[in-house]
Amino acid sequence: MSENKNTAIPVNELEDLQEKEFILHELQKSAKIGWWKVNFNTHEIICSDYIMDILDLSKNTMTVEEFLNIINVEHRQRISSSFIHIRTQNFYDEIFPIQTKYGELWIHSKLGNKIVREDNTIIAIGFSQILDEETNTSLYKNKEDSRLKELLVRQFALSQSLSNFLKSADTPKVITDTLKDLLQQFNGDRTYIFQYDKAKGTQSCIYEATREGVSPEIDTLQDMDINYNQWWSKQMFNNVPIIINNLDEMPPEAISDKQTLARQNIASLMVFPLLSAQGIWGYMGIDIVNTPRLWSMIDKEWFSAISNIINICIELRASEKKAQQEREYFKSLYDHMPIGYLRMQILYDHSGKVTDYKYLDANPAFYNITASPIGSYIGHTAKDFNANKPEELEVLQQVVSSGKVLETNRLIANTGRQYHILIYLQGQQEVVALFTDISERMKTIEALRRSEETLHNIYKNIPVGIEIYDKDGTLIALNDVESEIFGFEHKEDVLGVNLFKNPNLPQQHLEMLRQGKEITFPLTYKFTNVNKTYYNTKYEGTRNLTVKGNCLYDTNNNIENYLLIVIDNTEAIKAYRKIEDFETLFNDIAEFSKVGICRWNPLSNNFLGSDVWFHNLNQTPRQINNIMEAYEHAHPDDLQCLATFFQNVMDGEEQSFSGQVRIQFEDSWRWMRIRFKVKEYNPQKGIIELIGLNLDITELKETESKLIAAKLKAEEADRLKSAFLANMSHEIRTPLNAIVGFSNLLADTSNIEEREQYISVIQKNNELLLQLISDILDLSKIEAGTYEVTFAEVDVNDLCEEIICSHAMKVPQGVTLSFEEHEPHCSICSDRNRITQILSNFINNAIKFTEFGYIHVGYTLSEKYIRFHVQDSGIGISTKNQEQIFDRFIKLNTFARGTGLGLSICKSIVEKLGGEIGVKSTLGCGSTFWFSLPYDPLYKAKSGATDH
């Protein structure tokens, strides 16, 4: 029937189509055959009318599950597996019983064609035929055919597993799926694979599949002791399978193994060892739970074959993994090895001569050698890069012709590096070249050559004589200076003499030399002792020499040669001493002056610095390449100017530098003056030579700071002194004016009260003027160093009471002056007048700045000091002013009367008496002025005072 209901079909064609459909239906009935079509995406089966009628279906569609449910249960699993595999295989040919409306009938079902649509939908088309009774009977009777069919199904399932294994990279999944297929094929309960760890002596389950309802045990079967079930392990390691139909078959020595299996409800099992080239690495098994099973020979052979195949697959995958790791290793080695690799194809002309070569492969090291982008050569010929030079082609021709490995050295022009190239033939058309960097080795060889030349020149021209003797003491070599020292006409005339027979050499030193000891001694060489008898010489008389002898050893630490160095004592020793004296003097001067010297070539990183230079930078003298390495303790703020200078020197923009750098020494900073000068600038020849000096100027900086502070202090003192003098002129003039004025008024008045009042004013101004002059005189004495104190015994309580009594009349109304905290008795050894002067100054200041409240005078004792104090409730002093209140010429209140010298003089007196002075005050809450003096406990004992 057409799927397009809107298409009109002519009547004659419709009748023709109906007739053909009728004929087809009748033929299907007669042949007992029908067709079917399966959509594996929708799992839907469309069947012909004949099949629809036989199966008694109400419609011509059914699901795959519905189809499988009408198959005989004994054949359902097999047909299900075979039917599902149509998705991946193009084969399906099965015979099985099926439930129909006529009862159970055998059918033959076969795949006809399979279609894969563009959307990957898989459509299978086939036919099914009802078999007659004869066929059914033969099928029942022929057990072997059924068994063969079962084996074919198993083989097909296994081929599917192997196919999946080869196609999929997920090995665990493929193995697990294969184990599940085995469960279905053997109708088992659990399949598994165990692996041995022989180093640890354990075994672990690495794969497991279980039937629905059987609990997995893979998590509990990890790191089990191999020797726990000894019989089981012995069977496996002897490559003997374990096949048990029921547990009672197990031998007596397997009792512990039997108990283990019984605890897991295992009634029957098959286990086969898994073997690799290294021996037994594990085993594979299948368990039947609760019900024993009689394993057939086919079961055993089949499971053995499957275990072998799975073993091979696992080993194959492990080998592939190992091979992949090795490929990655060699790929990494290929990419990172420092040897350049180049593979080339040789190109010939018609006569077989090498005309060019093509680049086939090269590793990163080769591109690094040639300083070329990676991949830039591949596919190109040498001609493309103008590299097909005759000498290169000649080398390749030699390799091709001889078939031997050829070695040569080449200089890579664009990098300036030298390489040793090893070239060999690989096949008929390819050549491989290996490049090894020998630049440093060639430099070393060149350096050795120069060293040999230098040593030869030194040996020839050094201004000392050199003699070399063999291990027996026979002279084998000497230099020209030696011939000159000893007056040889020809060297050949003296070669062969024996060292130990020289009559001029002391025997004790020669014996020491035989013993391998170094000898050095002065020698007065007498030519009369050796001439004619030891060797011939043109000299007579004597020479003063210095002889130094050493032994030269072979690799076995045996004496091989004796080396004697002879120095003409007259000139050489003088020169040596001059040089030594100069170096000592130079080092002493540098160390005394703390001047460090260095020399540096930034192009070659060649650096040389004196010990003082390193010490000034808080560094240990050592070999460095970059001078900035020595400035690791420099202050970061000071480094930028140095770095900029060095860069400018490299650019040829600066020639000299002078600056100061701070260097950290533990917890302190020291100042260094740094100077550099470019001695030679020739970068084309690799020369930029700088000489540098550093000088420790920390003491100069400290002195400079002190001088600046002293200058500021002197300027401040000068300013204060000027202010003081201006104030003094005012302070002195004020009482003088009062005295003169009231003296004139006193002469003109006859009133007794007025006269007493004038006399009182004159008296007060006299006292003020006397105090001003007294302060000035005291300050002059202190500055002149003539201020004297007189020590005597002082009764402290009497002193304080007298002072309070003398100042009681000065205290303003509303303020109380009292002698508070003190001992019952107290005597000290000090200057009574000076203590009185200090306390009076404290009390006078308190009176000036206390309008109401109290003024307390007192003292306290300690083991070594007596501390006096005057406490008031006045206006107080700010914290800032407390810091300078004892300085000279300081008046915190410019409107208050006085010189501003009182507290400064008090401080000088206290220090003269060996004590300390200070103040504790809070602005607005009053002040406490105090001073302490040494206290002698003897006076304490005499006075009978007690400590509090």
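For the numbers below, each heavy atom of this structure counts, side chains included, while hydrogens, waters and symmetry mates do not.
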Please work out whether the ring planes of [X] and [Y] are parallel, tilted or perpendicular, with thresholds of 30° and 60°.
X	Y	value
Trp106	His75	perpendicular
Phe67	Phe96	perpendicular
Tyr359	Phe385	perpendicular

So, [X] and [Y]: side-chain donor and acceptor under 3.5 Å apart, yes or no?
X	Y	answer
Tyr283	Gln203	yes
Gln345	Gln429	no
Asp437	His420	no
Arg211	Asn187	yes

Between [X] and [Y], which heavy-atom pair has the shortest distance, and what is it?
X	Y	value
Pro373	Ser376	O-OG, 2.7 Å
Ile226	Ser233	O-OG, 2.6 Å
Ser307	Leu274	O-CD2, 3.7 Å
Thr291	Ser268	O-CB, 4.4 Å
Glu249	Ile243	OE1-O, 4.2 Å
Ile51	Ser128	CD1-CB, 4.4 Å

Can any side-chain N or O of [X] pair as donor or acceptor with the backbone N or O of [Y] at less than 3.5 Å?
X	Y	value
Asp197	Asp223	no
Glu104	Thr100	no
Thr202	Met224	no
Ser372	Asn368	no
Arg76	Leu68	yes
Asn308	Ser304	yes
Thr191	Leu179	yes
Asn363	Tyr341	yes
Asp384	His380	no
Asp189	Val289	yes

Crowding at [atom1], [X] (>12 non-hydrogen neighbours, <6.0 Å):
X	atom1	answer
Glu253	CD	yes
Gln325	CD	yes
Arg263	CZ	yes
Lys198	NZ	yes
Lys300	NZ	yes

Sub-4.5 Å side-chain heavy-atom contact between [X] and [Y]:
X	Y	value
Asn245	Trp295	yes
Leu342	Val432	no
Ile288	Leu269	no
Ile423	Val405	no
Ile218	Cys205	yes
Pro251	Trp231	yes
Trp302	Gln185	yes
Ile125	Ile115	yes

Self-check item: Trace of the side-chain contact (heavy atoms from CB on, under 4.5 Å) decision for Glu65 with His43
Solution: CA-CA 8 Å; Glu65 185 178 0; His43 300 282; over 6 Å; no
Quiz item: Residues two or more places apart in sequence or in another chain: which of them pass side chain to side chain contact (heavy atoms under 4.5 Å, CB included) with Asn229?
Solution: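 Here the qualifying residues are Trp232, Ser256, Asp257, Thr260.
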Quiz prompt | ring-ring contact (aromatic ring centres under 6.0 Å, His included) against Phe303, all qualifying residues, sequence neighbours excluded | solution =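 Partners of Phe303 under the ring-ring contact (aromatic ring centres under 6.0 Å, His included) test: Phe186, Phe272.
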Exercise. Might you work through the side-chain contact (heavy atoms from CB on, under 4.5 Å) test for Ile346 and Val400, ending with a clear yes or no?
Key: CA-CA 9 Å; Ile346 304 301; Val400 172; 4.3 Å; yes
Quiz item: Is there a side-chain contact (heavy atoms from CB on, under 4.5 Å) between Met62 and Leu57 once you walk through the steps?
Solution: CA-CA 9 Å; Met62 62 190 304; Leu57 300 176; 4.0 Å; yes
Exercise. Flag the pair Glu94 and Arg78 as a salt bridge only when some basic side-chain nitrogen lies within less than 4.0 angstrom of an acidic carboxylate oxygen.
Key: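 The answer is yes: the pair qualifies as a salt bridge.
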Quiz prompt | Phe194 and Tyr207 aromatic centres sub-6.0 Å | solution = no
Quiz item: So, for Tyr196 and Phe237, is the gap between ring centers shorter than 6.0 Å?
Solution: yes
Quiz item: Taking it one step at a time, do Glu430 and Leu360 satisfy side-chain contact (heavy atoms from CB on, under 4.5 Å)?
Solution: CA-CA 9 Å; Glu430 294 183 4; Leu360 299 179; 3.5 Å; yes
